[in-house]
Amino acid sequence: MSKINTPKPVRGTQDIFGPEQEAFGHVVDTFERVRRLYNFRRAEMPVFEPTAVFARSLGETTDVVSKEMYTFDDRSGDSLTLRPEFTAGVVRAYLTNGWQQHAPLKLATHGPLFRYERPQKGRYRQFHQIDAEILGAGEPAADVELLVMADQLLKELGIDDGVTLHLNTLGDPESRAAWREALVAHFEKHRGDLSEDSQTRLDVNPLRILDSKDQRDRPIVDEAPIIDDSLTDEARIFFDKVTAGLDAAGVAWTRNARLVRGFDYYRHTAFEFITDRLGAQGTVLGGGRYDGLVEALGGPHTPSVGWAAGIERLAMLVGEREALAVDAVVIPLGEAAEMAANGIIADLRRHGVTADMAYRGNMKKRMKKANDAGASFAVIIGDDELANGKAAVKDLAAGTQSEVALEDIARKVSRVQ
RNA sequence: GCGAUCGUAGCUCAGUUGGUUAGAGCGCCGGUUUGUGGUACCGGAGGUCGGGGGUUCGAGACCCCUCGAUCGCCCCA
């Protein structure tokens, strides 16, 4: 008598279908189109990697590594991790496949990523990103190209309204170290007035205090030194070239001296496209330059820059979309017609006509199916028509109907004449 | 990991201070129309009230635990 319970989906995972999937697919399709315009090559990487790939590159102390990764031992006892981000795996692939020969290499990819986090709207344990990277390019032109591409992508998705590009520089290692020192000195002076979280940050990741949302931290953060005072001439020139390039390309941006990055490997350019329409999950696309990462994974000095964007968040901004309507729905009536319809619809599809078949229910039912599918035409084949080598083709928008020879149906219902 | 709100048909939601067989709209199925859609009318199926325990004569409503979603924090796309 025990009832069989259907297993529940894993927390933080989602099944995407219907209008939501149409939006999701639209984001991916648009990304694929845009990345071709910029001549980025598509690459596929494994969903899991040796744990060391992420542990070394992201920094052992980051939250992602210390408490958010899906890490497990496989049957041979190797520690593997489901990728929590793209960049580390891309770099690993770059090194182990000898892709250095293609440098500067412009790569694009997309797919699922995994983080053990508290789910919220627009935040999942299995989530999806689109990703673009330029490996082996130390020139500011690479930063500019990526940012212009991101800007065009958001515009082509029609979601640039209310989205702002926040731009900052973290400088070269020398600048960053000097800035970090100045920041620590500043915050140490006010340690007692900082929030508990920021007191912890001061020991672990002092840069993070800058984007604290705690009101108690605001006045101290406002007085904190900005990196401009610590920038080397080289780093300043680099940043100036990036901003000048954006201006030349007509990309709007705003300087945000409080913008920092979560992972240790970032240098120079850091950026986020932030929307005011998604609450706490406002960052819709983010990235920066990671000149130190390839070395952290045992490779030669390879300056690189990249970004990633959450597909779910972009899809939410895009809004629900309807599936594309079919050109024709074939409605066979009677056994002989139903058999013949298999050949007729196959012929339509071979001619590039998007077609579906309504093989269930009475005539009314089948017409309704054609209507619901948004079909331009219903192709009705009864035994009478079949005997004459014809079909009744009804224009569903106009409501008109005419008899068409079987071999002419494809031409009649095709939208590309 | 922390705080808060919520969880009733496939979907969106109603369900008076706990009180008989839990309702609506949409959707689905059937019919009015045995070969003609979008409209209309009629009828029907469909609910472990997230799950478990407790209080009570009696719980969808109250209490506890648990799972999940949502909104913040943390972190991040």
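In what follows, chains carry the letters A, B, and so on, assigned in the order in which the sequence lines appear, proteins first and then strands, with residues in each chain numbered from 1.
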For atom C1', what is the distance between B/rG52 and B/rA14, given to the nearest Å? 27 Å
Scan nucleotides 31-37 of chain B nucleotide by nucleotide, 5' to 3', and note B when protein non-hydrogen atoms come under 4.0 Å of the base, S if they reach only the sugar-phosphate, - if neither. SB--BBB
Could you tell me the Watson-Crick or G-U partner of B/rC75, where both distances fall under 3.5 Å? Say none if there is no partner. none
Which part of the nucleic acid, if any, lies within contact of A/Gly122, taking any heavy atom under 4.0 Å across all strands shown: a base, the sugar-phosphate backbone alone, or nothing? base
For A/Arg118 and B/rU5, what is the distance between atoms CZ and P respectively, to the nearest whole Å? 13 Å
From A/Ser175 atom OG to A/Arg267 atom CZ, the distance as rounded to the nearest 0.5 Å: 10.5 Å
Round to a whole Å and report the spacing from NZ of A/Lys67 to P of B/rC76. 10 Å
N or O in side chain of A/Arg11 less than 4.0 angstrom from B/rA69 OP1/OP2: yes
Return yes if some donor-acceptor pair links the side-chain N/O of A/Arg313 with the main-chain N/O of A/Arg123 below 3.5 Å, else return no. no
Taking CG from A/Asp211 and C1' from B/rA77, how many angstroms apart are they, rounded to a whole number? 14 Å
d(CZ, A/Phe17; P, B/rG10) in whole Å: 17 Å
Separation of the C1' atoms in B/rA4 and B/rA77, to the nearest angstrom: 25 Å
Establish, with yes or no, whether the OP1 or OP2 oxygen of B/rC75 is under 4.0 angstrom from a side-chain nitrogen or oxygen of A/Arg201. yes
Assert: residue with more 5' nearest nucleotide on RNA chain B, out of A/Phe273 and A/Tyr116, is A/Tyr116
In terms of heavy-atom contacts, does CZ of A/Phe48 have more than 12 from other residues, nucleotides or ligands at under 6.0 Å? no
What protein N or O atoms touch nucleotides 49-53 of chain B N or O atoms at under 3.5 angstrom, if any, and at what distances?
none

Does the side chain of A/Pro46 come within less than 4.5 Å of A/Arg92's, by heavy atoms? yes
In whole Å, I'd like the distance from the OH atom of A/Tyr266 to the P atom of B/rC76. 10 Å
Compare all side-chain heavy atoms of A/Ile134 with those of A/Phe40 and state whether any distance is below 4.5 angstrom. yes
Which nucleotide sits closest to the side chain of A/Gln129: B/rG1, B/rA77, B/rC75? B/rA77
Does some side-chain heavy atom of A/Ile220 sit less than 4.5 Å from a side-chain heavy atom of A/His186? yes
Using the C1' atom in both, what is the distance from B/rU33 to B/rC42, to the nearest Å? 13 Å
Expected output: side-chain A/Ser414 to main-chain A/Val353 donor-acceptor under 3.5 Å: no
With a 4.5 Å heavy-atom cut-off, do A/Arg366 and A/Leu333 have their side chains touching? yes
Please answer whether the main-chain N or O of A/Ala355 pairs with a side-chain N or O of A/Arg349 as donor and acceptor at a distance below 3.5 Å. yes
Just the rounded figure in Å: distance from C1' of B/rC76 to CD of A/Gln126. 17 Å
Rounded to the nearest Å, what distance is computed from the CG atom of residue A/Leu202 to the P atom of nucleotide B/rC74? 16 Å
Quickly work out the A/Glu312 CD to B/rA77 P distance and round it to whole Å. 14 Å
Nucleotide paired to B/rC26 in any strand shown, Watson-Crick or G-U, under 3.5 Å: B/rG10
Rounded P spacing from B/rG25 to B/rA40 in Å: 13 Å
With rounding to whole Å, what would you report as the distance between B/rG50 and B/rG68 at their P atoms? 16 Å
Tell which nucleotide pairs with B/rA40, taking only Watson-Crick or G-U wobble pairs whose two distances are both under 3.5 angstrom. B/rU32
State the pairing partner of B/rA4; accept Watson-Crick or G-U wobble contacts with both distances under 3.5 Å, and report none otherwise. B/rU70
Can you check the distance between B/rU8 and B/rA59, where both ends of the measurement are the C1' atom (answer in whole Å)? 14 Å
Between A/Glu22 and A/Leu324, is there a side-chain heavy-atom distance shorter than 4.5 Å? no
Mate of B/rC62 across any strand shown (Watson-Crick or G-U wobble, both atom pairs under 3.5 Å) is B/rG54
Can you find a side chain N or O atom of A/Gln120 that sits less than 4.0 Å from OP1 or OP2 on B/rA69? no
Just checking A/Lys67: does its NZ atom have more than 12 heavy atoms from other residues, nucleotides or ligands closer to it than 6.0 angstrom? no
Students often get this wrong, so: under 4.0 angstrom with heavy atoms, is A/Glu117 touching a base, only sugar-phosphate, or nothing? base
Work out how far the C1' atom of B/rG51 is from that of B/rG47, and round it to whole angstrom. 15 Å
For A/Gly12, answer base if it contacts any base atom (sugar-phosphate contacts may also be present), sugar-phosphate if it contacts only those atoms, and nothing otherwise; contact means non-hydrogen atoms under 4.0 Å. sugar-phosphate
Work out how far the P atom of B/rC63 is from that of B/rU17, and round it to whole angstrom. 15 Å
Nearest-neighbour nucleotide for the A/Pro119 side chain, B/rA77, B/rC74, B/rA69 considered: B/rA69
Stepwise side chain to side chain contact (heavy atoms under 4.5 Å, CB included) test for A/Val260 and A/Tyr266: CA-CA 9 Å; A/Val260 294; A/Tyr266 284 104; over 6 Å; no
Going by modelled atom types, is there a donor-acceptor pair between the base of B/rC75 and the side chain of A/Arg123 at under 3.5 Å? yes
